[in-house]
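What you are looking at is a predicted structure, and each value in this text was computed from that prediction instead of being measured.
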Amino acid sequence: MSQEGFVIDLRALARDGRHVEGEIPVARLERLADSVSDPVGSVWFRFDGVRDDDGKLFADLMIRTELTLQCQRCLDALRLPCVIHNRLLLLRPGEEIPEDDLENDEVDALEVEPRTDVLALVEDELLLALPLVPRHEACEAPVKAGGDEEISPFAVLRNLRGKV
């Protein structure tokens with residue numbers, strides 16, 4: 001499916017109570033592909049449109065994938081399963097967030113245009129889910145092969161200072 005097929009009107013989707021889902025290779029999401037060590041596999045996503053009793057429009061977003069990152073401790077590959085569930089309150093451009101939703105941490109407000117690139121939203125959610133410092137739960141830092149004790153640069157400076 002082409003990327004153009006994922007530009008939709010999310011507010012209409014929510015008004016009509018419809019859903020859209022798809023799957024895209026990780027390598028086609030350029031920003032995400034640049035953030036992982038190996039852009040393999042695919043990302044499954046689904047948007048469910050919802051209208052509540054007050055007439056507010058929501059999109060329930062679900063994403064599933066597994067990403068390959070580099071562990072910053074041992075430098076080996078780290079397989080990170082990602083399962084994301086997020087509720088998005090859909091607002092028109094310039095529309096204020098309703099007072100009762102300002103402190104609701106379970107819903108993210110999002111201004112959407114009539115034509116919204118849902119792949120960009122999926123990619124944004126995945127980028128936000130990436131750990132700042134990816135690492136295995138239990139691994140050892142790489143050990144120097146030679147076993148030589150490293151000399152501190154400050155120790156070298158101290159020795160130079162003493163010779164002056």
**Item:** Interatomic distance, L90 atom CG to T116 atom OG1 [nearest 0.5 angstrom]
**Value:**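 L90 CG to T116 OG1: 8.0 Å, rounded to 0.5 Å.
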
Quick one: does [X]'s side chain have a donor or acceptor within less than 3.5 Å of a partner on [Y]'s backbone?
{"X": "D16", "Y": "R18", "answer": "no"}
{"X": "E21", "Y": "H19", "answer": "no"}
{"X": "E123", "Y": "R31", "answer": "yes"}
{"X": "S42", "Y": "E23", "answer": "no"}
{"X": "T65", "Y": "C82", "answer": "no"}

**Request:** Say whether V122 and V40 are linked into one hydrophobic cluster, either directly or through other cluster members, by side-chain heavy-atom distances under 4.5 angstrom.
**Result:**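 As far as the 4.5 Å side-chain criterion goes, V40 and V122 are not connected within one cluster.
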
**Message:** Is any side-chain heavy atom of K56 closer than 4.5 Å to one of L89?
**Reply:**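 L89 vs K56: side chains touch.
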
**Nearest heavy-atom neighbours spanning S37 and Q70** =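 Here S37 and Q70 meet closest at OG-N, 3.8 Å.
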
**Asked** Taking everything shown except R135 itself, do over 12 heavy atoms lie less than 6.0 Å from its CZ?
**Response**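 No.
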
**Request:** Count the heavy atoms of every other residue, nucleotide or ligand shown that sit under 6.0 Å from CZ of R79, and state whether that count exceeds 12.
**Result:**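 Enclosed: over 12 neighbouring heavy atoms sit under 6.0 Å from CZ of R79.
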
**Message:** For F45, give me all partners under ring pair (Phe, Tyr, Trp, His ring centres under 6.0 Å), at least two apart in sequence or on another chain.
**Reply:**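 So F45 forms a ring pair (Phe, Tyr, Trp, His ring centres under 6.0 Å) with F6.
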
**Prompt:** Does M62 sit in a hydrophobic cluster with other residues, and if so which ones, taking ILVMFWY side chains as linked at heavy-atom separations under 4.5 Å, directly or through other members?
**Reply:**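 So far as hydrophobic clustering goes, M62 is joined with W44.
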
